[in-house]
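See below for the structure under consideration.
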Amino acid sequence: AKNEREIWTTPKKQNWIQSGLMLTAALYSINNAGLVSGIIANHGISGVYFLWSGFIGIFIFPLVFAPLWAKLNFLSENDFILKRYRGKWAASLFHFRAYYLGLIIIPIILCFGYLALIDLIETLLPMENKRILVLVAVLGILIAYQSSFKEKSISDVFHVLLFIAALVLALVNVHSNESPLHFTFVTPNKTEPYCLSSILIFIGLQWWSSTIYDGSGQQAQQMLAKNHKSHALKAATLSNVINIFFTIGIAILSYHALQLQLGKGDAAYLQAFYFFLPEVMHPILVLGLFGMFVSTHQNLCNWAGGMLYSSSKSRSVNTLWPKRIYLILPSIAAFIVTLFFDALQDAFEFLLGISAGVGPVFTLRWFWWRITAQIQLASMLGALLLYPISIFVWNTFPALEQLFNEAYPFHMLFVSCLNLLLVLMLAFMLPSDLDYKQHLQFKGLLSINIKTALLNLIWAVTLGAMLFVVLLVFWVMMVR
């Protein structure tokens with residue numbers, strides 16, 4: 001049992017700074033940097049609406065849910081399903097989510113890292129893309145096989161600090177560089193890549209529809225069994241602050257790279273690093289970027305492997321394979337997924353599309369007793385099935401292009417609204433697997449106070465909205 005926890009969960013004896021840095025390594029990597037570069041390269045100044053809108057809900061996890069996860073002593077965050085729900089549907093959802101996330105969703109996220117690492121290697125070495133992909137896949141499998149939370153607790157902190165140092169130095173050199181850069185901020189309209197209707201969807205819908213703000217996933221896996229509310233709160237907040245800094249810093253570097261024609265697409269930030277950093281720092285930069293890939297890749301494989309192992313263990317089939325085999329299965333699946341995508345943004349938009357409308361269910365299940373295992377399962381399958389339908393509708397009605405200048409915002413609106421309607425209908429039609437009294441007992445176990453949680457939720461969204469506005473003002477001032 002002790003060996004299992006060393007592989008699947010973070011060590012209990014950590015200070016909150018180390019936990020926060022490990023959480024940063026889990027959530028931010030070169031794939032995030034490549035995504036920021038790609039969005040800005042493809043959509044110009046209007047791309048910041050896609051990026052900044054995600055900050056509206058960024059404080060929900062540390063203020064509301066991180067302290068709750070810290071009280072749960074689970075092997076995998078997926079075990080929460082068996083605590084929250086009852087009956088055969090709970091067991092079905094537990095196993096379905098383990099394999100759906102472990103072999104489909106998480107491999108798509110791992111694919112982001114593969115694509116970003118391919119860009120990094122192409123920048124350094126003149127190799128064919130197919131050979132690089134095979135090399136990256138082999139590296140991914142080897143890195144995953146050696147992963148355990150105990151072994152990576154120190155390396156994660158080192159990788160994050162190295163990346164922070166490189167980014168700070170690059171930004172300082174950008175500020176001191178007297179290059180004639182003049183940006184013009186233009187209010188988005190239908191002649192730009194993101195039109196006004198698309199931006200309204202980003203601000204009003206995307207940030208809460210497809211993002212799991214209760215932290216189910218890497219965030220929860222990092223917070224499990226910390227036992228201290230203040231520890232979880234401070235660690236999650238530190239991670240968010242660093243992630244905000246990373247996103248803003250990479251956005252600034254990407255814009256300068258594009259204006260100076262240093263690079264284009266997902267790899268623009270790499271060329272900016274090389275241009276603004278002293279040559280002696282280049283090897284350290286590459287080490288830091290590769291280290292961030294390793295940290296995030298291992299965290300994702302630990303998350304996926306923990307769910308797969310926990311599911312197979314509950315069915316007494318885990319003795320067939322060594323435990324570490326569950327770590328490499330997602331990496332192998334990610335290699336297959338990578339064959340279908342050429343750009344980070346394409347993969348990212350696909351992931352958001354097949355998860356649209358799921359976010360509210362993961363939040364409401366903590367507080368609303370009518371949310372059942374059937375409803376959570378229906379929301380996950382609903383998004384998966386509605387997404388291809390939205391593609392069919394978009395292709396069938398060309399007039400939609402007059403409202404949305406590209407397909408993704410329409411898919412987000414279509415899938416989110418119908419999936420949320422499905423959830424609400426089922427919530428009032430299906431009997432609950434927990435009656436109100438049992439749900440009160442569940443909330444008592446975690447000491448959930450509805451009024452306090454609701455106030456924290458409102459406060460978290462208010463802080464996020466204020467951050468969103470401040471960033472827009474900052475960006476306007478910077479680009480003029």
Side-chain angles (χ1 to χ4, degrees), residues 23-43 47 50-51 54 100-123 129 132-141 143-144 147 156 159-160 163 206 210-212 217-219 221 239 243 246-247 250-251 254 263 265-270 288-305 327-356 387 408 412:
L23 186 56
T24 302
L27 298 176
Y28 203 96
S29 186
I30 55 175
N31 55 282
N32 303 78
L35 178 64
V36 172
S37 287
I39 289 174
I40 291 176
N42 295 330
H43 303 286
F50 185 100
L51 299 172
Y100 178 60
L101 265 66
L103 297 178
I104 297 178
I105 298 299
I106 295 175
I108 294 175
I109 303 175
L110 288 169
C111 160
F112 301 166
Y114 282 3
L115 291 171
L117 189 59
I118 288 171
D119 288 335
L120 176 59
I121 295 175
E122 283 182 337
T123 304
N129 187 273
I132 296 176
L133 177 58
V134 173
L135 173 62
V136 167
V138 172
L139 282 174
I141 292 172
I143 291 168
S147 176
D156 279 4
H159 295 154
V160 172
F163 190 76
Q206 176 182 270
S210 56
T211 304
I212 310 300
Q218 293 169 276
Q219 292 171 301
Q221 198 69 22
S239 173
N243 286 341
F246 281 169
T247 303
I250 293 297
S254 299
D266 298 345
Y269 80 98
L270 291 171
L289 293 174
F290 183 71
M292 291 293 285
F293 166 80
V294 171
S295 295
T296 304
H297 187 82
Q298 288 182 332
N299 273 285
L300 286 166
C301 290
N302 277 104
W303 174 27
L327 292 168
I328 69 172
L329 289 177
S331 293
I332 296 173
F335 168 69
I336 298 172
V337 171
T338 308
L339 298 174
F340 296 93
F341 294 103
D342 296 320
L344 275 164
Q345 188 176 352
D346 295 337
F348 186 66
E349 290 180 351
F350 175 77
L351 178 63
L352 292 182
I354 62 173
S355 58
Y387 184 71
Y408 166 71
M412 177 59 60

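Here, residue 1 is the first one in the sequence, and each next residue gets the next number.
- Of all the heavy atoms in Met292 and His159, the pair that sits closest is SD-O, 3.8 Å.
- Taken from CZ in Phe290 to CG in Leu139, the straight-line distance is 5.5 Å, to the nearest 0.5 Å.
- Distance CD1/Ile118 to SG/Cys111: 8.0 Å, rounded to 0.5 Å.
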Worksheet entry | Stepwise side chain to side chain contact (heavy atoms under 4.5 Å, CB included) test for Val138 and Phe335 | CA-CA 9 Å; Val138 172; Phe335 168 69; over 6 Å; no
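- Listed here is the closest heavy atom pair of Ile40 and Ser254: CD1-CB, 4.3 Å.
- Here the closest heavy-atom approach between residue Pro107 and residue Ala333 is recorded as CG-CB, 3.6 Å.
- No side-chain heavy atom of Leu115 sits less than 4.5 Å from a side-chain heavy atom of Asn31.
- Residues Val36 and Tyr269 are not in side-chain contact: their nearest non-hydrogen atoms beyond the backbone lie 4.5 Å or more apart.
- The CG atom of Leu101 lies 9.5 Å from the CD1 atom of Ile108; values are rounded to the nearest 0.5 Å.
- The distance from the CD1 atom of Ile104 to the CG atom of Leu351 is 11.5 Å, given to the nearest 0.5 Å.
- Taking OG1 of Thr338 as the reference point, atom CG of Leu110 lies at 8.5 Å (rounded to 0.5 Å).
- Considering only heavy atoms from C-beta on, Tyr408 comes within 4.5 Å of Leu352 through its side chain.
- Considering only heavy atoms from C-beta on, Tyr28 stays 4.5 Å or farther from Val160 through its side chain.
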Item to complete: Go through Phe350 and Phe340 one step at a time and tell me if the side chain to side chain contact (heavy atoms under 4.5 Å, CB included) criterion holds.
Response: CA-CA 11 Å; Phe350 175 77; Phe340 296 93; over 6 Å; no
Practice prompt. Show your reasoning for whether ring pair (Phe, Tyr, Trp, His ring centres under 6.0 Å) applies to Phe163 and Phe246.
Written response: CA-CA 9 Å; Phe163 190 76; Phe246 281 169; 4.8 Å; yes
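- The shortest heavy-atom contact between Phe293 and Ile30 is CB-CD1, 3.8 Å.
- A distance-only check finds a donor-acceptor pair linking the side chain of Asp266 to the backbone of Leu344 [under 3.5 Å].
- A pairwise comparison of heavy atoms in Met412 and Ser210 identifies CE-OG, 3.8 Å as the closest pair.
- Using a 4.5 Å cut-off on side-chain heavy atoms (C-beta onward), Leu27 and Ser239 make contact.
- Residue Asp346 places its CG atom among more than 12 non-hydrogen atoms of other residues, nucleotides or ligands, all under 6.0 Å distant.
- For Tyr114 against Ser331, the heavy-atom pair with the smallest separation is OH-O, 3.3 Å.
- A distance of 9.0 Å separates CZ of Phe112 from CG of Asn32, quoted to the nearest 0.5 Å.
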